[in-house]
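All remarks here apply to the structure that follows.
Atoms within a ligand are numbered from 1 in the order they appear, just like the ligands themselves. For the single chain, residues carry numbers from 1 onward in sequence order. These numbers were taken from a predicted model, which means no experiment stands behind them.
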Amino acid sequence: MKKIALVTGITGQDGYYLAEFLLSKNYIVHGIKRRASTINNYRIDGLYKKYYEKAKVKSFFLHYGDVTDSLNISQLITKINPDEIYNLAAQSHVKVSFETPEYTANADGLGVLRILESIKRHKKKKIKFYQASTSEMFGESKPPQTESTYFAPKSPYGAAKLYGHWITKIYRESYGIFACSGILFNHESPLRGETFVTKKIVMSAVKYYRKKNEILEIGNLNAVRDWGHAKDYVKNMWLMLQKKFPQDYVISTNKSYTVKEFIEKTYKFLGINIIWKGKKDKEIGLDKKNNKIIVRVNKKYFRPNEVEILRGNSKKAKKELKWKPTISLNQLVKEMIEYELKLQN
Ligand code: NAP
Ligand code: F7E
């Protein structure tokens with residue numbers, strides 16, 4: 001019997017990589033996507049063609065839904081009767097969460113509760129549950145952050161995700177549900193959303209490389225992040241659900257870099273060296289070859305409250321899930337640039 005997985009957030013970056021991984025493991029995958037006025041399936045189009053439209057035996061199905069809609073969620077779980085649920089759906093942008101705090105709390109916090117309640121009431125089988133928790137929950141706690149680090153979020157996103165994380169633990173302990181949270185640090189890929197910093201930097205660098213008239217407008221250059229590759233990270237979501245007992249795990253590379261270092265790496269890859277001038281919101285980056293301004297700090301991208309430094313320690317995942325990252329930051333940057341070069345050809 002093929003296993004059935006239900007994935008929320010299927011149209012997002014991780015939705016694509018997780019669906020690809022589960023389909024390669026011979027799962028039947030059901031994805032929940034939101035209705036929008038424009039079609040927003042570009043990441044999963046290829047998978048849908050291969051595993052649904054052109055497949056003799058179909059194994060990839062899409063359903064309309066929203067984690068803010070209890071009835072929709074409970075009906076889909078009853079109908080699909082999955083073995084495993086992966087909850088990736090979220091308003092996942094930290095800065096946007098300051099502008100839409102109530103919606104973020106509803107989708108990222110209560111959305112988790114809605115799924116857990118449906119699992120609790122589901123009588124046909126015991127469903128395993130994965131929750132997409134985040135290093136943003138650590139907020140101002142000092143690195144390296146581990147499973148036992150104090151949670152001190154600094155954004156509505158971090159707070160909403162902490163509710164989702166904790167309610168997952170409560171349902172696991174109170175009702176015996178096989179429920180785990182992966183506390184994932186930043187992970188990127190060519191399919192990263194365009195308003196996250198790595199993708200924004202790569203897109204701008206390639207535009208400058210091609211046309212020489214692009215300036216990267218950027219926020220906090222000094223923030224430090226632990227960046228891994230989404231393809232490496234989604235595997236853990238599955239590994240956690242294959243363990244004998246449900247537990248939470250930190251997933252990280254254990255290495256960290258500033259936003260400025262990420263910019264330098266990206267431009268250098270394209271043969272462009274940057275000279276920095278000025279300070280704080282007056283800082284600019286110049287192309288060493290021609291003194292053109294190619295990076296400029298813009299206060300618009302500063303957050304009301306910033307998590308300055310995130311660096312994980314994924315020792316527990318290494319020991320118990322036998323996992324370690326396989327793609328380095330340099331390989332990630334190279335892959336993102338090559339993808340963008342093809343797109344902007
Ligand atoms: P993403 O690219 O922003 O994808 C988020 C997905 O959630 C999209 O498919 C989005 O649909 C969907 N969604 C948003 N609100 C929804 C709602 N109310 N109901 C149903 N679906 C909804 O994020 P990602 O990078 O793949 O991240 C996946 C999950 O991991 C998220 O929960 C994120 O918070 C968490 N996480 C990410 C990272 C990271 O570095 N990437 C690190 C830690 C945790 P649309 O396409 O319609 O917008
Ligand atoms: O910012 C700084 C920004 O938006 C990274 C999400 O996947 O990872 C992600 O959240 C850093 C921050 O990711 C710009 O201030 C500077 O310090 O790429 P980001 P994030 O906020 O770390 C966590 C783990 C998640 O769970 C989230 O879902 O870069 N930064 N200038 C900028 N960031 C953005 N977006 N845009 C700028 O112009």
For this session: Would you mind finding which of K200, E306, R303, K95 brings a heavy atom closest to atom 34 (C) of ligand 2?
Result: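 Selected option, by shortest heavy-atom distance: R303.
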
Exercise. For atom 14 (C) of ligand 1, which candidate among A90, G15, A89 holds the nearest heavy atom?
Worked result: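 When every heavy atom of A90, G15, A89 is considered, A90 comes closest to atom 14 (C) of ligand 1.
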
Could a heavy atom of [X] be found less than 4.0 Å from some atom of ligand 1?
X: N40; answer: yes
X: G111; answer: no
X: E136; answer: no

Contact check: [X] vs ligand 1, nitrogen or oxygen atoms, below 3.5 angstrom:
X: S133; result: no
X: Y103; result: yes
X: Y157; result: yes
X: A107; result: no

Problem set entry | Contact partition for W227 relative to ligand 1, non-hydrogen atoms under 4.0 Å |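 Near ligand 1, W227 shows nothing, with every heavy atom at 4.0 Å or more.
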
For this session: Determine whether the side chain, the backbone, both or neither of K161 has a heavy atom under 4.0 Å from any heavy atom of ligand 1.
Result: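 Under 4.0 Å from ligand 1, K161 contributes side-chain atoms alone.
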
Problem set entry | For atom 39 (C) of ligand 1, closest protein heavy-atom neighbour |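 Answer, as residue, atom name and distance: H187 CE1, 3.3 Å.
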
For this session: Look only at interatomic distance and state if G219 has a nitrogen or oxygen under 3.5 Å from any nitrogen or oxygen of ligand 2.
Result: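 So ligand 2 has an N or O lying under 3.5 Å from an N or O of G219.
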
Exercise. Is the shortest distance from a Lys or Arg side-chain nitrogen in K199 or E340 to a carboxylate oxygen in the other one below 4.0 Å?
Worked result: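 Here K199 pairs with E340 in a salt bridge, since their nearest N and O are under 4.0 Å apart.
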
Exercise. Below 4.0 Å from any atom of ligand 2, is there a heavy atom belonging to H93?
Worked result: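 Yes; H93 lies near enough to ligand 2 that a heavy-atom distance drops under 4.0 Å.
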
For this session: Please tell me if the side chains of L113 and Y163 come closer than 4.5 Å, counting only heavy atoms from C-beta onward.
Result: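 Yes, close enough: below the 4.5 Å cut-off.
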
Exercise. Do I274 and V295 touch side chain to side chain, with heavy atoms closer than 4.5 Å?
Worked result: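 I274 reaches V295 side chain to side chain.
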
For this session: Starting from the C-alpha separation in whole Å, work towards a yes-or-no answer on ring-ring contact (aromatic ring centres under 6.0 Å, His included) for F129 and F178.
Result: CA-CA 6 Å; F129 178 68; F178 193 111; over 10 Å; no

Problem set entry | Contacting atoms of ligand 2, where contact means under 4.0 angstrom from a heavy atom of S135 |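 So the answer, numbered in order with elements, is 24 (C).
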
Exercise. Which atoms from ligand 2 have a heavy atom of R192 less than 4.0 Å away?
Worked result: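 By the 4.0 Å cutoff, the relevant atoms are 6 (C), 7 (O), 9 (C).
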
